[in-house]
There are 2 protein chains.
Amino acid sequence: MSEQTLTVSTEGVTSPQGFLAGAVSAGIRSDGRADLALLYSERPCSAASLFTASTLKAAPVMLSQRHLADGGAQAVIVNSGCANAYVGDQGREDAEEMARLAASKLRLAVSDVVVASTGVTGHLMPMEKIRAALPTIALDRGGGEQFARAIMTTDSVPKQASVAFSVGEREYRVGGCAKGAGMIHPNLATMLAFLTTDASAESAFLQQTLREAVAVSFNMISVDGDTSPSDTLLIMANGAAGGPMIGEGDEGAPLFREAVETVCVALAKGLARDAEGATKLIEVEVEGALTLTDARAAARTVAGSSLVKSAVYGNDPNWGRVLAAVARSGATAKEETVSLFWQGLCVFERGRPVPYDKDALRAATNEPEVRIRVDLGIGEARAVAWGCDLTEEYVRINAEYTT
Amino acid sequence: MSEQTLTVSTEGVTSPQGFLAGAVSAGIRSDGRADLALLYSERPCSAASLFTASTLKAAPVMLSQRHLADGGAQAVIVNSGCANAYVGDQGREDAEEMARLAASKLRLAVSDVVVASTGVTGHLMPMEKIRAALPTIALDRGGGEQFARAIMTTDSVPKQASVAFSVGEREYRVGGCAKGAGMIHPNLATMLAFLTTDASAESAFLQQTLREAVAVSFNMISVDGDTSPSDTLLIMANGAAGGPMIGEGDEGAPLFREAVETVCVALAKGLARDAEGATKLIEVEVEGALTLTDARAAARTVAGSSLVKSAVYGNDPNWGRVLAAVARSGATAKEETVSLFWQGLCVFERGRPVPYDKDALRAATNEPEVRIRVDLGIGEARAVAWGCDLTEEYVRINAEYTT
């Protein structure tokens with residue numbers, strides 16, 4: 001598709017030109033960390049978005065969906081510590097006030113502001129703290145990391161990624177950051193992700209690009225099978241790098257797609273790796289499936305299986321649990337054509353267990369990344385999913401933390 | 001429907017007349033516990049069954065499906081310690097030999113024997129041990145508990161239930177036992193359940209009765225979302241109590257249905273309560289749903305949510321996680337009509353949080369049974385699901401135990 005190799009760097013949303021960001025500690029969180037963050041583009045942006053599949057959406061999600069209906073946005077105000085979910089009419093009023101406060105500070109139309117909130121549900125937003133703190137946020141060209149840190153909840157590290165690519169003489173950038181350490185599962189679970197680019201892109205093309213990138217990244221990770229009312233994924237394209245508007249079929253389109261996908265995959269893997277209590281990233285590759293739907297379902301089911309996750313935590317190459325997960329995924333499978341590889345070693349070949357050195361494989365499993373590959377042997381489709389191990393620490397965090 | 005109250009007792013498969021059972025330690029398990037069990041009816045039975053939804057089924061499941069195709073059976077041979085799954089042709093031959101050995105001992109046709117195996121996958125059945133031990137099993141009228149104990153894997157207690165009911169002057173019994181402490185989830189996960197009755201029932205009616213009972217019992221429990229290749233649920237009706245054959249529309253049909261459902265619900269709750277590492281049974285009732293499908297999906301999703309399960313373990317009345325699970329279940333829901341009760345206390349009423357005494361509710365949650373009730377407020381449909389809390393012990397068991 002392209003001869004350019006896209007190298008991922010860990011700069012975030014302010015890596016592309018024309019984006020500023022900043023954050024303050026408004027006191028929404030009790031630990032004193034920064035919890036209110038603002039992202040701003042110097043120019044109007046075309047924007048595309050995906051939101052939680054939950055039928056009970058948090059107030060900021062409903063507001064942002066309305067504000068993004070025209071395909072444009074210029075700023076995002078985000079807080080951690082309070083999700084502003086399940087609190088009725090007052091929640092809707094508070095989300096609107098957050099948008100108004102940001103619009104007023106930035107001299108924008110209210111409908112150009114996107115709002116996102118993450119944290120405990122069922123609690124009213126402490127609006128007096130937001131009113132006091134929001135106007136004091138200092139925006140900066142290098143504020144991406146501050147922004148990425150302020151949106152964290154139980155995340156242990158900020159997740160940022162960016163890539164650069166060239167079309168002709170012109171260089172473009174795509175940057176992004178994400179948060180979400182629990183409740184992560186296909187269909188956007190408690191996850192916030194914000195992407196920026198200084199390319200200029202048509203709104204419909206941007207939406208299609210985002211949808212395709214999410215299908216192979218955020219929708220292929222699983223932490224615990226839960227979904228939050230607040231999931232938000234946004235991309236803003238401000239055109240600050242110059243050059244023509246990119247649309248379907250244009251010269252820059254394939255590279256732009258690749259860049260967005262690369263940033264999304266890097267952020268998604270970062271989320272799985274930093275999941276609550278996790279000690280290992282699990283990469284599950286399913287190939288030889290009859291259909292892409294089958295490959296994706298099988299890969300996600302294995303990555304999301306509590307038994308597989310527990311086995312990986314215990315350094316136990318328990319491949320029977322992988323086959324059991326494949327077999328309940330709904331993917332077409334025949335025992336006599338299935339082969340299975342654990343950390344690169346074939347343990348099951350076309351329907352038969354392959355003897356292996358248990359101690360050696362246990363030792364090979366005791367690594368920060370565990371790779372499981374299943375060849376269904378009946379087709380050409382392939383998919384990759386990511387998950388993490390299930391640990392006693394996950395249980396401790398979620399038994400004690402009120403989300 | 002009936003004026004008889006069905007009282008559940010803890011007798012098992014030998015509670016109905018004409019059934020004998022027994023077990024021995026064949027040495028398949030390394031801990032020396034009984035691991036090979038036989039159930040036998042003195043008369044031929046009509047039989048109905050349900051098996052794992054997994055696309056890669058264990059050898060004994062495939063064999064039993066063939067043997068039950070004629071709607072009849074007279075004996076069941078079951079082992080724990082080895083699932084005889086994912087081992088290719090040899091597994092199929094071994095399952096057939098187990099059926100032949102039991103048939104030879106009992107002087108039955110091979111096709112009247114059902115075979116079930118549970119335990120580690122990917123290992124060949126130690127047939128020399130089976131050959132030596134199977135003929136030594138002593139059958140007994142009181143052997144139900146021995147049978148129930150021998151089919152256990154990580155279960156901590158045997159699960160048995162029986163009820164009696166009368167039609168006219170005649171008394172009938174339905175008894176059963178079940179095992180399965182991990183991998184339990186809707187659509188029959190690693191679960192074996194055997195029911196017996198001394199009523200005489202038409203095969204098609206028996207199948208329909210079993211299917212309906214499973215829909216409100218075994219399919220409404222969730223431990224960890226995994227499904228095994230070995231799940232087997234069987235009911236055998238031998239007619240030893242005399243009286244007419246029961247079929248759809250007959251006098252005894254409603255009570256017979258109720259009896260089978262009562263035994264299935266008691267066994268299913270027993271499975272959830274004894275799940276790996278669990279300290280609490282969670283009962284989730286969803287009412288006011290638009291459709292039965294919605295009610296069941298919502299109840300199961302809440303009961304299966306890792307976050308809800310962790311919260312219950314931590315005595316944290318975290319009702320926001322319950323709403324999040326309802327909202328991702330696919331059930332139609334509107335925030336403004338939803339109400340939520342935690343241990344009987346209303347914490348969310350028609351879209352608004354209700355203030356409550358946190359310490360008192362935490363204390364009320366510190367009980368062996370936690371009841372969560374959700375009223376969707378938009379329809380008439382209702383369903384109940386059962387689950388268990390998620391504990392550090394679950395992770396330890398599954399990180400260390402090779403299934």
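Per chain, numbering begins at 1; letters A, B, ... match sequence-line order. Every heavy atom of this structure was used, including side-chain atoms; hydrogens, water molecules and symmetry mates were not. Remember, predicted model here, so these are calculated numbers, not experimental data.
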Note to self: Parallel, tilted or perpendicular: which one describes the rings of A/Phe348 and B/Tyr86, with boundaries at 30° and 60°?
What the structure shows: perpendicular
Checklist line | CG on B/Leu390 to CG on A/Leu390, rounded to 0.5 Å | finding: 6.5 Å
Margin query: Nearest 0.5 Å, please: how far is NZ in A/Lys334 from OG1 in B/Thr55?
Written below: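 Reported value, rounded in 0.5 Å steps: 11.5 Å.
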Notebook entry, point to check: Which answer fits B/Glu336, side chain, backbone, both or neither, if we ask what part of it has an atom under 4.5 Å from a heavy atom of chain A?
Noted result: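 Neither the backbone nor the side chain of B/Glu336 comes within 4.5 Å of chain A.
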Notebook entry, point to check: Between B/Ala83 and chain A, which part of the residue has a heavy atom less than 4.5 Å away: side chain, backbone, both or neither?
Noted result: neither
Next item on the list: Go through the steps to decide whether B/Asp89 and A/Arg352 satisfy the test side-chain contact (heavy atoms from CB on, under 4.5 Å), and finish with yes or no.
Entry: CA-CA 9 Å; B/Asp89 292 338; A/Arg352 286 199 188 76; 4.0 Å; yes
Notebook entry, point to check: If you take all heavy atoms of B/Lys57 and A/Glu335, which pair is closest and at what distance?
Noted result: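 Scanning both residues, the minimum pair turns out to be O-OE1, 3.9 Å.
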Check: Which atom names give the shortest non-hydrogen contact between A/Ser54 and B/Ala327, and what distance separates them?
Finding: OG-CB, 2.8 Å
Item checked: Residue among B/Gly330, B/Ser329, B/Gly122 with most heavy-atom pairs under 4.5 Å to chain A -> B/Gly122
Note to self: Does any part of the side chain of A/Arg328, heavy atoms only, come nearer than 4.5 Å to the side chain of B/Leu56, both counted from C-beta?
What the structure shows: no
